[in-house]
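Contents: one structure, followed by commentary.
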Amino acid sequence: MTYATDRLHEEVAYLAYHFHWSLNEILDLEHADRQRYVGQIARLIGR
């Protein structure tokens, strides 16, 4: 099973925008870790 390319690009853009991390730093994260950070940012914004 492969991860949808569009979804991966969305996650990368979201993390880069909020954390100012490089593309390589974000892509080096495990999928679950990347999703965890995306979720944490979303919760913080929603407060």
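Note that the structure is predicted; figures quoted are calculated from it, not measured. In this chain, residues are counted from 1 in sequence order.
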Completion exercise
To the nearest 0.5 Å, atom CD1 of I41 lies from atom CZ of F19 at 4.0 Å

Exercise for the section: Spell out, yes or no, whether L15 and L44 are grouped together once hydrophobic residues are joined by side-chain heavy atoms under 4.5 Å, including indirect joins. Expected result: no

Practice task
Would you indicate whether H9, at its atom NE2, is surrounded by more than 12 heavy atoms from other residues, nucleotides or ligands within a distance under 6.0 Å?
Solution key: no

Fill in the blank from the handout: For V12 and L23, the nearest pair of non-hydrogen atoms, with its separation, is CG1-CD1, 3.5 Å

Handout entry: Listed once per pair and sorted, the side-chain hydrogen bond (donor to acceptor under 3.5 Å, both in side chains) pairs that draw on residues 16-28, sequence neighbours left out
Key = S22-E25

Handout entry: Gap separating the CD atom of E10 from the CG atom of L8, nearest 0.5 angstrom
Key = 9.5 Å

Handout entry: Heavy-atom closest pair, residues L27 and R34
Key = O-NH1, 4.4 Å

Exercise for the section: Sort and list the pairs that fulfil side-chain hydrogen bond (donor to acceptor under 3.5 Å, both in side chains) and have at least one residue in residues 36-47, not counting sequence neighbours. Expected result: D33-R36

